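These numbers come from the heavy atoms of this one structure, side chains and all, not from hydrogens, waters or symmetry mates. Each chain gets a letter, A, B and so on, in the order the sequences are listed, and its residues count up from 1. Not measured: the values here are computed from a predicted model.
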Amino acid sequence: MSLSLKTQGAATLRLLGKPFGGIGGAICGAGLGLFIFVALFAPLLAPYAYDAQDLARIGLPPSAENWFGTDEFGRDVLSRVIYGARISLSVGLTAVALSASAGILIGALCGYFGGRFDRITMAAIDLTWCFPEILLALVLVAILGPGLNSTVIAIAVAYLAQFTRLTRTQVRALKGETFVEVSRCLGAGHAHILLRHLLPNALAPVIVVAMLTTGDAILLEATLGFFGMGAQPPTPSWGAMMSSGSAQLFNAPWVVIIPGLFVALSVIFINVYGDAILAALDVKNRIRRA
Amino acid sequence: MTTPILSVTDLCKTFRSGGGLWRKPRQFHAVSSVSFDIQAGETVGVVGESGCGKSTLARVVLRLMEPSSGSIRFEGEDIAALPEKALRPLRRRFQMVFQDPYSSINPRLTIREALLEPFRVQGVSLTTAQEQDTVDRLMAMVSLNPVLAESHPHHLSGGQKQRVGIARALALQPSLLVLDEPTASLDVSVQAQVIQLLQSLRGQQTLTYLFISHDLALVRYFCDRIMVMYLGRVVEVMPKGATPAHPYTRALLESSFEPDPTQRRSIVRITGEIPSGYDLPPGCAFQARCPKAQDLCRQTRPELGSVGTRHQAACHFPDSPLPDTQTPRSGTAPSQETPHAV
């Protein structure tokens, strides 16, 4: 992105200055920042180790010693939620980064070169639309074997089609612009046209979709964790915690409700913040205002 | 006579569309057997109504589109046959100014970056000081305020953007400049400025222009020689100031207004529709709309033939300067256009 610092500064100001969406965006951005901070400094912030069992204190409700209560093995739920933030956020972010990078690469090549290569590749990519994301991810994890790496790959593949489609459409539309023809007339090669003219103009919406998809990816990771296909015990992830706690739903509901609350909060934060960024970074919007 | 800077022979461009497993694709003849020469330093105008193939001709001549057949010799080298990679370094010698100044500059680049792009693309490395000099020189050449160098295209007016387009095309000092309706999307007052700029640039450096326009009055004012196109074919080539011999050119000329009420005259309107480029009628392409069309015109397509000094027309019954206009011209090669499979 060749946004100048000045424009980015102006965008940030506009983000804060807007009366309603602006404040919401700022609060959600701050909330997201707090989650990331907690994930980064988990060992310093967690009051107990995430796998420390205390069989004398099984299924206790929230109290002064255990703010979020204890689970079926007497482990501190707060500590597990703090460590779980690491897994949930990093799996979500890594998977989306991987998916977006691959999607941008494939989509740009398909959109730019077109022809038979485009049709065959897109047909293969479109096959993944046929399955619901959760089913596709479950099948992939089942093939690759449960674990964090396969979870990341499965989530990346599940969202690959939307990034590829979006980039391809953007690049195809931009390919017809006069400035691309000008560049070709000057003697530019494919790499120059793609990297200098097409991608910088195509990426803004892709980045926004990547932000919004991160929320879905965290949810998908939680779902895979709930089915026991994600992080393996005793490693905590929010989804896995809800899964193992579901047996105690009526005795100790906090074991399920609290990780679920954090999944919901992070999805909300990411979506609202992504919307605010969409409004602030919209190229057309910027041109209209300038 | 010296070798022409650009020599185009029998250039054709056909687009295919539709077609399927069982149906043959339809062929659209955008440019059909166009031949012409341009001498160094000359300004040649191409006129015709929308859809007659003039923009396609410009793009095919510069190999922005692949020609279907024919040869394009630029300074003696056949650029129609070169592979794209070998052509790239040659591109600095022939440049183009595009019709739409609004989308001709990448919205994310500053004017300065846009003006330096030709050097980047052609691998000319410049020091920071040289870059500054180049940008200043190019902006001064097209009378743009150097303050604008750091602004983005959306801060500029249409006329200013078109100046940037001209400066960028001239950055690598090409010998041929193709202008594809450079004034069509500008206000009349701004049009005049751009035309004046092009005229003064022609005086300062040896430039050859191929000027595409639908405005016959403008082309008659600006160009040394005029090619009139109709349905992908050149129907008349005439020097500046000549009286048109082809009925189509005559009708075009009569449709342009004189800025003098005493010169007011009744307009002979061309009736009928332009035929489709998908299936061209046999005979003269203009016969359906021509006031003078006869049986011969409906059967045999007229070839370009001389009607005066450096003046050619593709008509069986050209108007003066030849006095005897009602008998078929001798030396016309009869050729039958084969109807195209649909």
Side-chain angles (χ1 to χ4, degrees), chain A residues 1-11 104 108 112-116 119 167 170-208 280-290, chain B residues 55 58-59 61-65 84-110 113-124 150-156 161-162 164-166 168-172 174 176-178 180 185:
Chain A
M1 302 257 310
S2 65
L3 281 175
S4 70
L5 270 179
K6 216 168 84 188
T7 345
Q8 271 173 341
I104 287 167
Y112 183 70
F113 290 106
R116 188 165 298 170
R119 258 176 288 154
T167 313
Q170 289 277 327
V171 166
R172 268 171 77 101
L174 286 164
K175 211 174 92 175
E177 292 280 325
T178 311
F179 61 81
V180 174
E181 208 176 5
V182 168
S183 195
R184 224 159 77 68
C185 188
L186 290 168
H190 300 310
H192 177 91
I193 291 176
L194 266 171
L195 296 177
R196 178 93 170 149
H197 294 295
L198 295 176
L199 282 183
N201 282 296
L203 284 191
V206 182
I207 287 168
V208 171
L281 289 190
D282 182 23
V283 182
K284 294 240 170 60
N285 204 357
R286 228 173 66 212
I287 290 174
R288 222 175 293 128
R289 281 157 194 269
Chain B
S55 286
R59 281 171 174 75
V61 164
L62 294 191
R63 276 285 301 273
L64 292 173
M65 285 179 181
E84 175 69 31
K85 262 213 170 109
L87 186 64
R88 273 179 208 150
L90 296 181
R91 285 197 180 275
R92 62 190 303 169
R93 282 150 62 196
F94 42 89
Q95 279 301 309
M96 179 153 169
V97 175
F98 290 84
Q99 176 172 2
D100 180 12
Y102 297 91
S103 75
S104 73
I105 309 170
N106 184 340
R108 288 190 177 266
L109 299 186
T110 61
E113 289 166 325
L115 288 175
L116 289 172
E117 184 173 14
F119 300 94
R120 265 184 83 142
V121 161
Q122 287 290 346
V124 184
E150 300 306 327
S151 39
H152 283 268
H154 58 267
H155 294 122
L156 269 61
K161 277 184 229 193
Q162 196 56 293
V164 173
I166 294 170
R168 179 177 51 191
L170 292 177
L172 294 166
L176 172 70
L177 192 61
V178 175
D180 181 18
S185 43

> Hydrogens and angles aside, do B/S103 and A/T178 bring a side-chain donor and acceptor to less than 3.5 Å of each other?
yes
> Could you tell me which portion of B/Q99 (side chain, backbone, both or neither) has an atom closer than 4.5 angstrom to a non-hydrogen atom of chain A?
neither
> Within the distance-only criterion (no hydrogens, no angle test), does the side chain of B/R91 pair as donor or acceptor with the backbone N or O of B/L62 below 3.5 angstrom?
yes
> Side chain, backbone, both or neither: which part of B/L64 has an atom under 4.5 Å from a heavy atom of chain A?
both
> Does B/Q122 use its side chain to pair, donor to acceptor, with the backbone of A/L186 at less than 3.5 Å?
yes
> Please look at B/R63 and chain A and tell me whether the side chain, the backbone, both or neither of the residue comes under 4.5 angstrom of a heavy atom of that chain.
backbone
> Could you check whether the rings of A/H197 and A/H192 sit parallel, tilted or perpendicular, using 30° and 60° as the cut-offs?
perpendicular
